[in-house]
Amino acid sequence: MNKKKIFNDPVYGFITVPSDLLFDIIQHPYFQRLRRIKQLGLTEFVYPGALHTRFHHALGAMHLMNIAIQSLSGKDNVISDKECEASMAAILLHDVGHGPFSHALETAIFNQVPHEQISLHIMELLNEEFGGRLQLAIDIFTDSYERRFFHQLVSSQLDVDRLDYLNRDSFYTGVSEGKIGADRLLKMLNVYEDQLVVEEKGIYSIESFLVSRRLMYWQVYMHKTVTSAEQMVMKIMQRARELTQRGIDVPASQNLQFFLRESLSILDFERDPSIMRRFVSLDDYDIWSGIKAWAEHEDKILSYLSACMLERRLFKIMLSPTPFDLTFLADVRELAQEHFGVTAEEAEYLVITGKISNNAYESGGENINVLTKMSTVVDVAEASDLPNIQALSKKVEKYYVCYPKEISDI
């Protein structure tokens, strides 16, 4: 069978699959599931074109990893074919542990089980299936390989994951401010003492990348309407789980029903292989089919929230740089109780509070390092002669409250 396949990607053009192992990973059911999970969850409620999937993103990140490796190899960095293939496998599988609606339901279906841990567990299962051929990819993914720059290409503040999702999400949403010069950034990368660095002439490209990231977070990822929709879906899942665990029938697919019924941790995944088999069958369609059924449920809260999602009757959302006054929140909850005829506990599902935060660059963490012409390595915030990067390091926090628009009309 010819495994040297080519994908026609709308962002980069033709993407090649350079090895049999990478082709076999893409063909595996665990990876094919990513076709049924949207990259941006409910962002399509604001940007109708945001219909691309985790499958698209993983292929794009693999493509950029290939470009990065070739660029580094051309600068006298010795990289073996095995290391090249392993780094591409690691980035290909970095998101394989995402559940339905990507980040939106990460804490609503499981109990403190981040997708990175599930991705690693799936990689370990695939490694067994492929006879140990993914071990180096796992070492790179977990940052246990001695040549650290490979892990930094997979996960850092300037990795190929971020380069792809900013370019791709900008393309599909139509938010042109998020478009970055990924090709130039990749060509500016180098390795110094096994650490990933950016050549000094790439400083302004980094600055442009960080500004684009900040804009994309506020305009797309943390758009207030997207935040409202995501919070509503989380409340739907919490209500479905509460009713299920109280013994009330909540129709759902067999595997979704299992996760509504059980409270699971990563240890449960490791102890019982059947849990992972159930998880890798879940996708966005399980959630939407559940929501369609729940819109007719006898429970007033579940049916109301589900119908609102189906008809895009999203909650009004208010943002504030400081926490909302507790008296104001109590008054909103009281209005919800009176208008919908629900209990104080049920009103908690209708008045949602929380906080969102964003800083484009985390200075002092896993820094973006610049290799100067004097062969010294400095943090990009120190190397730049513009104040933007220092400003982008500042964390911006916003508090929100979401509630039904029917209340605001009273």
Side-chain angles (χ1 to χ4, degrees), residues 37-52 99-109 169 172-175 216-243 250 284-297 299-321 324 328-329 331-342 346-358 397-410:
I37 296 178
K38 288 195 179 72
Q39 170 77 4
L40 293 181
L42 294 160
T43 305
E44 63 175 290
F45 275 30
V46 177
Y47 298 102
L51 300 173
H52 55 303
F101 288 11
S102 296
H103 292 284
L105 294 182
E106 193 162 331
T107 57
I109 294 180
D169 298 346
Y172 280 97
T173 59
V175 179
M216 285 293 286
Y217 264 82
W218 290 127
Q219 285 188 242
V220 178
Y221 310 130
M222 292 181 177
H223 189 288
K224 66 176 187 176
T225 306
V226 175
T227 299
S228 174
E230 289 180 347
Q231 292 302 314
M232 289 176 70
V233 165
M234 287 183 66
K235 289 298 182 184
I236 289 171
M237 297 306 298
Q238 288 172 13
R239 186 62 172 178
R241 173 187 285 259
E242 181 194 338
L243 295 173
V250 178
D284 291 1
Y285 296 99
D286 291 88
I287 306 301
W288 277 120
S289 62
I291 290 173
K292 287 177 71 175
W294 302 338
E296 306 294 331
H297 198 276
D299 180 75
K300 185 184 295 186
I301 297 295
L302 184 61
S303 61
Y304 172 73
L305 289 172
S306 298
C308 284
M309 285 303 300
L310 289 175
E311 299 165 12
R312 200 192 175 279
R313 289 186 283 121
L314 303 180
F315 282 7
K316 178 183 176 65
I317 180 169
M318 295 174 60
L319 298 176
S320 169
F324 285 92
F328 166 75
L329 294 178
D331 289 344
V332 176
R333 291 189 182 98
E334 190 175 329
L335 281 173
Q337 277 184 258
E338 293 175 3
H339 182 76
F340 292 95
V342 297
E346 290 172 332
E348 295 293 329
Y349 285 98
L350 301 175
V351 181
I352 312 167
T353 60
K355 179 177 70 173
I356 53 178
S357 62
N358 171 29
E397 295 182 332
K398 296 181 182 180
Y399 296 83
Y400 63 81
V401 57
C402 310
Y403 53 87
K405 289 179 180 176
E406 293 94 320
I407 297 175
S408 60
D409 294 337
I410 297 174

In the structure I gave you, are the side-chain heavy atoms of [X] and [Y] within less than 4.5 Å of one another anywhere?
X	Y	answer
F315	L305	yes
C402	M232	no
V250	W294	yes

For the [atom1] atom of [X] and the [atom2] atom of [Y], what is their distance to the nearest 0.5 Å?
X	Y	atom1	atom2	answer
L329	E334	CG	CD	13.0 Å
H52	Q39	NE2	CD	5.0 Å
Q238	E348	CD	CD	11.0 Å
D286	I37	CG	CD1	9.5 Å
L302	L243	CG	CG	6.0 Å
K224	M318	NZ	CE	9.5 Å

>> Does Y285 form a side chain to side chain contact (heavy atoms under 4.5 Å, CB included) with S289? I'd like the steps, not just the answer.
In response: CA-CA 6 Å; Y285 296 99; S289 62; 5.8 Å; no
> Which is it for Y399 and L319 under the side chain to side chain contact (heavy atoms under 4.5 Å, CB included) test, yes or no, and what are the steps along the way?
Replying inline: CA-CA 6 Å; Y399 296 83; L319 298 176; over 6 Å; no
>> Atom CD of residue position E296 - does it have more than 12 heavy atoms of other residues, nucleotides or ligands inside 6.0 Å?
In response: no
> For L314 and M309, what are the C-alpha separation, side-chain angles and deciding distance, and is it a side chain to side chain contact (heavy atoms under 4.5 Å, CB included)?
Replying inline: CA-CA 7 Å; L314 303 180; M309 285 303 300; 4.1 Å; yes
With sequence neighbours left out, what residues match [X] under side chain to side chain donor-acceptor pair (under 3.5 Å)?
X	value
E242	R239, R246, Y349
Y172	none
Y221	D169
H223	none

For residues 40-51, dump all side-chain donor-acceptor pairs below 3.5 Å to protein atoms at least two apart in sequence or in another chain.
{"residue": "T43", "atom": "OG1", "partner": "L40", "partner atom": "O", "Å": "2.7"}
{"residue": "E44", "atom": "OE2", "partner": "K38", "partner atom": "NZ", "Å": "3.3"}
{"residue": "Y47", "atom": "OH", "partner": "Q219", "partner atom": "O", "Å": "2.7"}

>> Walk me through whether L350 and Y403 qualify under side chain to side chain contact (heavy atoms under 4.5 Å, CB included).
In response: CA-CA 6 Å; L350 301 175; Y403 53 87; over 6 Å; no
>> With a 3.5 Å distance limit and no angle check, can you tell me whether D284 reaches the backbone of F101 through a side-chain donor-acceptor pair?
In response: yes
> With sequence neighbours left out, which residue pairs that include part of residues 302-312 fulfil the side chain to side chain donor-acceptor pair (under 3.5 Å) condition?
Replying inline: Y304-E406, E311-R313
> What residue among S320, S357, P321 forms side chain to side chain contact (heavy atoms under 4.5 Å, CB included) with E397?
Replying inline: S357
